Amino acid sequence: PENIESISVLKDALSTILLGQLSSRGALLVTTKRPEAGAPRISFTAQTGLQTPLDLPKPLSSYQYAWMYNEGLLNDGRQPIYTAEDFQAYRDGSDPIGHPDVNWYKAVLKDNAPISRYDLNVSGGGSTARYTVGVGYMNKQGLFVEPAGNDYNTNAAINRYTVNSHVDVDVNKYFNVGLDIFGRIEDTNEPGAGISNIMSALISTPDNAYPIHNPDGSLAGTPSFTNNIYGMVGESGYIAGHNRDVMANVNLKYNFERWLPGVWAKFIGNVSIS
């Protein structure tokens with residue numbers, strides 16, 4: 001955000017004609033800050049906070065789920081499968097292995113996770129050459145629980161380093177050269193089972209499906225639920241991602257006013273490396 005000067009919404013065909021076929025849906029034009037002459041100006045921004053889910057589904061308890069499941073079977077003209085003994089076991093927790101009651105959202109998700117961001121910007125220059133340079137760092141931790149005993153990180157996380165620089169040089173009163181360079185180093189991490197698979201399992205697994213662990217300490221499961229969610233989060237390894245991006249823009253502008261008043265030409269070149 002510290003590098004942005006303005007954001008424009010382009011919606012008509014004429015303004016987006018040079019932006020490609022998909023630009024017919026509209027485009028956002030983000031203009032970054034340009035160098036300004038003057039003494040060096042330094043700014044530093046530090047932010048830290050906690051992430052927390054805005055809203056999570058509230059699953060039925062095992063007792064409520066069993067009751068509603070029986071109701072559904074009766075409505076279809078079928079025999080219920082849960083007995084009065086099952087309801088009692090779910091309510092008093094006397095058989096946590098055979099009649100589990102596991103709120104999987106609380107079992108595998110934390111209430112909050114830290115996030116921090118730091119940005120340093122330097123700008124200045126003279127009448128001939130001007131510059132602005134910004135460097136940034138962001139660390140974002142995930143909301144999954146981290147089982148004790150792992151010697152590697154299975155949680156979701158992002159570490160990102162960015163460099164954003166602009167240099168304007170007036171070669172003479174008619175010719176200007178501009179160079180923009182953006183670089184990003186981003187390292188990501190997530191559980192080996194994949195975040196989308198874990199979230200799908202959370203949505204589709206009732207509280208009475210199976211306990212977290214068997215009596216011997218192994219991960220529990222059933223023929224219908226073969227992937228233990230707790231195991232998917234903390235015991236499925238991890239997936240590490242590494243992104244490296246460099247983008248450079250070159251702007252050449254020549255003013256022909258000494259021969260043709262009001263006429264100028266501009267060349268823009270772009271190089272992107274990932």
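All values below were derived from every heavy atom in this structure, side-chain atoms included, with hydrogens, water molecules and symmetry-related copies excluded. Please read all numbers here as calculations on a predicted model, not as lab measurements.
Of the N and O atoms on the side chains of N139 and Q141, at least one donor lies less than 3.5 Å from an acceptor on the other residue. In summary, the side chains of N150 and E146 do not present any donor paired with an acceptor at a separation below 3.5 Å, with no hydrogens or angles considered. Checking N208 against H99 by side-chain atom types alone, no donor-acceptor pair falls below 3.5 Å.
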Determine all donor-acceptor pairs shorter than 3.5 Å in which one atom belongs to a side chain in residues 189-205; sequence neighbours excluded.
residue, atom, partner, partner atom, Å
N189, ND2, N153, O, 3.0
N189, ND2, N155, O, 2.8
E190, OE1, I195, N, 3.0
N197, ND2, A193, O, 2.8
S200, OG, S196, O, 2.9
S204, OG, S200, O, 2.9
T205, OG1, A201, O, 2.6

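In this structure, the side chains of I97 and P215 come closer than 4.5 Å at one or more pairs of heavy atoms. A 4.5 Å side-chain heavy-atom check between Y131 and P40 finds at least one atom pair inside the cut-off.
If you chain together hydrophobic residues whose side chains sit under 4.5 Å apart, F44 and I4 never meet in one group. Clustering ILVMFWY residues whenever any of their side-chain heavy atoms sit less than 4.5 angstrom apart, transitively, puts F175 in the very cluster that holds V263. L179 and I268 are members of different hydrophobic clusters when ILVMFWY side chains are connected at heavy-atom separations under 4.5 Å. Both F225 and Y105 belong to a single network of hydrophobic side chains, linked directly or stepwise wherever heavy atoms of I, L, V, M, F, W or Y lie under 4.5 Å apart. In the hydrophobic cluster analysis, where Ile, Leu, Val, Met, Phe, Trp and Tyr join through side-chain heavy atoms closer than 4.5 angstrom, Y90 is grouped together with L73.
For K33 against H166, the heavy-atom pair with the smallest separation is O-CD2, 3.4 Å. Across V169 and A129, no two heavy atoms sit closer than the pair CG2-CB, 4.2 Å.
For Y254, the side-chain hydrogen bond (donor to acceptor under 3.5 Å, both in side chains) partners are R258, not counting sequence neighbours. Annotation: side chain to side chain contact (heavy atoms under 4.5 Å, CB included) contacts of S61 (sequence neighbours excluded): Y63, Q64, D101. With sequence neighbours left out, E186 forms a side-chain hydrogen bond (donor to acceptor under 3.5 Å, both in side chains) with R160, N243. Remark: N249 pairs with N270 by the side-chain hydrogen bond (donor to acceptor under 3.5 Å, both in side chains) rule, at least two apart or across chains. Y65 meets the ring-ring contact (aromatic ring centres under 6.0 Å, His included) test with Y69; sequence neighbours excluded. Scored by the side-chain hydrogen bond (donor to acceptor under 3.5 Å, both in side chains) test, N176 finds D170 as partners (sequence neighbours excluded). For D119, the salt bridge (Lys or Arg N to Asp or Glu O under 4.0 Å) partners two or more places apart in sequence, or in a different chain, are R117. Checked against salt bridge (Lys or Arg N to Asp or Glu O under 4.0 Å), K11 has no partners two or more places apart in sequence or in another chain. Checked against ring-ring contact (aromatic ring centres under 6.0 Å, His included), Y210 has the following partners two or more places apart in sequence or in another chain: W104. Residues satisfying the salt bridge (Lys or Arg N to Asp or Glu O under 4.0 Å) test with R34, not counting sequence neighbours, are D168, D180.
Between H213 and Y230, the ring planes are perpendicular. Angles over 60° get that label, and only those under 30° would be called parallel.
Each salt bridge (Lys or Arg N to Asp or Glu O under 4.0 Å) pair with one or both residues in residues 244-257, not counting sequence neighbours, appears once here: R184-D245, D187-R244.
Once rounded to the nearest 0.5 Å, the distance linking NE2 of H242 with CD1 of I185 reads 12.0 Å. Within the model, atoms CG of N214 and CG of L219 stand 8.0 Å from one another, a figure rounded to the nearest 0.5 Å. Rounded to the nearest 0.5 Å, atoms CD1 (I115) and OG1 (T48) are 8.5 Å apart. In this structure, CG on L50 lies 4.5 Å from CG on N112, to the nearest 0.5 angstrom.
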Applying side chain to side chain contact (heavy atoms under 4.5 Å, CB included) to V9 and L28, what does each step give before you reach the verdict?
CA-CA 5 Å; V9 180; L28 288 176; 3.6 Å; yes
List the steps, then state whether ring pair (Phe, Tyr, Trp, His ring centres under 6.0 Å) holds for W264 with F256.
CA-CA 5 Å; W264 53 268; F256 295 94; 9.7 Å; no
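Between the side chain of N172 and the backbone N or O of Y174 there is at least one donor-acceptor pair closer than 3.5 Å.
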